[in-house]
Amino acid sequence: MNVGSIMTDEVFVMEDTQQVAYARNLMLRHGISRVVVVDSKGKPAGIVTETDITRKLRINGPAWKRRPIDKISIRRVMNENPISVDINATPREAADLMLKKKIGSLLVMDGEELAGIITKRDLLRFFKDRCAGRWKVEDLMTRDVKTVTANHTLAHVIDIMEENGISRVVVTGNGAVEGIITSENLSFATFEDPERGIPVERVYFISRASEEKRRARTIAMLTAGDIMTEDVITVEPSADASEAASLMLDNGISGLPVVEDDELVGIITKTDIISGIQ
């Protein structure tokens with residue numbers, strides 16, 4: 001089996017002459033987290049993710065960051081020279097490259113033509129189908145879990161994520177899992193008005209637990225408990241890792257707290273699981 005047989009062949013692209021607002025609207029409209037940027041000849045020139053937009057348009061820095069997002073070129077925030085893999089490469093080679101480069105996707109090239117994109121989710125699906133019985137969750141999980149309490153401020157949560165280069169933290173109380181916060185909970189949280197790009201003492205968010213309508217508060221007032229997802233799906237360390245992969249795919253999530261006797265003992269993510277592809 002090669003990358004071409006498991007990749008996603010529907011790739012959302014935009015021209016490098018377009019603005020950040022266009023990328024953001026593509027992501028929101030189609031429920032995607034990355035867009036490939038092409039040059040005037042249709043060749044890949046960069047890639048931009050939801051996280052790139054959020055992090056690179058933080059309020060500190062050059063004056064251009066304070067412009068409306070329909071006035072900021074996508075070239076300002078995209079990652080240039082996107083990493084690619086040949087369509088005939090193996091899933092193991094794709095996984096190794098993602099892990100080595102610490103990225104979540106690779107462009108798939110057929111010669112000089114863009115044929116598709118392969119993401120960790122695609123590799124997760126491959127693992128579920130082809131690697132059952134090879135690993136238990138405890139073999140692949142991360143034991144050093146970054147946690148916060150429900151009363152920690154949102155600013156502290158963001159600092160923890162950025163300092164450790166992670167996209168999720170577990171909210172605990174007395175060793176038990178109370179919730180989880182992911183980068184998706186914080187998407188575009190650094191804009192007061194995403195359409196105008198006015199910088200940020202207020203954030204917009206959706207409380208997933210109660211499905212409440214969008215609301216706004218000052219960052220200083222927000223806590224982890226305000227924004228966390230409360231109904232957390234967990235997995236036991238003795239479970240087959242393919243079961244964890246299946247839970248992630250079925251629920252559209254990227255990580256599962258690992259719980260034994262009601263106590264948090266680790267976390268297993270898409271990155272952990274694809275490290276087990278052989």
Side-chain angles (χ1 to χ4, degrees), residues 3-4 6-89 93-94 97-123 161-162 165 167 183-184 186-200 204 254 270-271:
V3 164
I6 63 173
M7 71 181 186
T8 299
D9 54 16
E10 183 181 21
V11 184
F12 289 89
V13 302
M14 63 182 292
E15 296 178 356
D16 61 2
T17 56
Q18 292 174 308
Q19 315 305 313
V20 169
Y22 185 82
R24 175 185 177 273
N25 290 337
L26 272 180
M27 291 175 186
L28 294 177
R29 186 181 308 123
H30 298 285
I32 57 175
S33 59
R34 55 181 52 79
V35 176
V36 176
V37 183
V38 297
D39 61 20
S40 59
K41 297 180 180 179
K43 302 297 183 182
I47 190 168
V48 64
T49 69
E50 192 175 39
T51 302
D52 293 328
I53 294 175
T54 302
R55 288 180 177 172
K56 293 185 180 181
L57 295 186
R58 297 292 294 272
I59 59 172
N60 296 325
W64 64 264
K65 292 188 177 185
R66 296 189 289 274
R67 297 175 190 166
I69 59 174
D70 62 352
K71 302 296 183 183
I72 300 175
S73 170
I74 196 64
R75 289 191 293 263
R76 294 274 196 181
V77 300
M78 74 180 189
N79 295 298
E80 297 181 353
N81 303 314
I83 299 169
S84 64
V85 66
D86 187 82
I87 195 169
N88 294 312
E93 290 171 331
L97 191 53
M98 283 188 199
L99 294 170
K100 179 181 178 181
K101 299 294 185 180
K102 297 182 179 180
I103 54 178
S105 64
L106 299 166
L107 303 189
V108 180
M109 305 299 293
D110 187 358
E112 296 186 359
E113 298 298 319
L114 177 64
I117 190 168
I118 185 166
T119 67
K120 287 181 180 177
R121 183 174 179 81
D122 296 317
L123 290 173
M161 287 184 175
E162 293 190 344
S167 58
S183 56
E184 292 178 358
L186 302 171
S187 295
F188 303 104
T190 50
F191 298 102
E192 179 175 13
D193 182 341
E195 295 299 331
R196 293 182 295 144
I198 295 176
V200 25
Y204 292 87
S254 299
K270 289 191 293 188
T271 300

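Just so you know, these numbers come straight off a predicted model, no measurement behind them.
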I'd like to check [X] versus [Y] (side-chain heavy atoms, cut-off strictly below 4.5 Å). Are they in contact?
| X | Y | answer |
| --- | --- | --- |
| Ile47 | Met78 | no |
| Ile6 | Leu123 | yes |
| Met98 | Ile118 | yes |
| Ile117 | Leu107 | yes |
| Lys102 | Leu99 | no |
| Lys120 | Ser105 | no |
| Lys101 | Leu106 | no |

Reported [atom1]-to-[atom2] distance for the pair [X] and [Y], which is rounded to 0.5 angstrom:
| X | Y | atom1 | atom2 | answer |
| --- | --- | --- | --- | --- |
| Asn88 | Met109 | CG | CE | 13.0 Å |
| Asp86 | Glu93 | CG | CD | 9.0 Å |
| Ser254 | Lys270 | OG | NZ | 3.5 Å |
| Leu97 | Ile83 | CG | CD1 | 6.0 Å |

Point to revise | With sequence neighbours excluded, residues passing side chain to side chain donor-acceptor pair (under 3.5 Å) with Arg121 | key: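 Arg121 satisfies side chain to side chain donor-acceptor pair (under 3.5 Å) with no residue once adjacent residues are dropped.
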Review point. Do any pairs count as a ring pair (Phe, Tyr, Trp, His ring centres under 6.0 Å) and have a residue in residues 100-119, sequence neighbours left out, and if so which ones?
Key: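 Every candidate ring pair (Phe, Tyr, Trp, His ring centres under 6.0 Å) pair involving residues 100-119 fails, so no pair, neighbours aside, qualifies.
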Point to revise | Partner residues of Asp52 under the salt bridge (charged side-chain N to carboxylate O under 4.0 Å, His left out) criterion, sequence neighbours left out | key: none
Review point. For Lys43, what residues pass the salt bridge (charged side-chain N to carboxylate O under 4.0 Å, His left out) criterion, not counting sequence neighbours?
Key: Glu113
Exercise for review: Locate the shortest heavy-atom distance separating Met27 from Thr49; write the atom from each residue and the value.
Suggested key: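 Looking at all heavy atoms of both residues, the closest pair is CE-C, 3.6 Å.
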Check your understanding: What heavy-atom pair brings Ile53 and Ala23 nearest, and what distance separates the two atoms?
Key ->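 Shortest heavy-atom separation between Ile53 and Ala23 comes out as CD1-CB, 4.3 Å.
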Exercise for review: Using the test ring-ring contact (aromatic ring centres under 6.0 Å, His included), find all partners of Tyr22 that sit at least two apart in sequence or belong to another chain.
Suggested key: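 In terms of ring-ring contact (aromatic ring centres under 6.0 Å, His included), with neighbours along the sequence ignored, Tyr22 is linked to no residue.
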Which side-chain N or O atoms in residues 7-18 pair as donor and acceptor under 3.5 Å with protein atoms at least two apart or in another chain?
{"unit_1": "Thr8", "atom_1": "OG1", "unit_2": "Asp122", "atom_2": "OD1", "d": "3.1"}
{"unit_1": "Thr8", "atom_1": "OG1", "unit_2": "Asp122", "atom_2": "OD2", "d": "3.2"}
{"unit_1": "Gln18", "atom_1": "OE1", "unit_2": "Glu15", "atom_2": "N", "d": "2.9"}

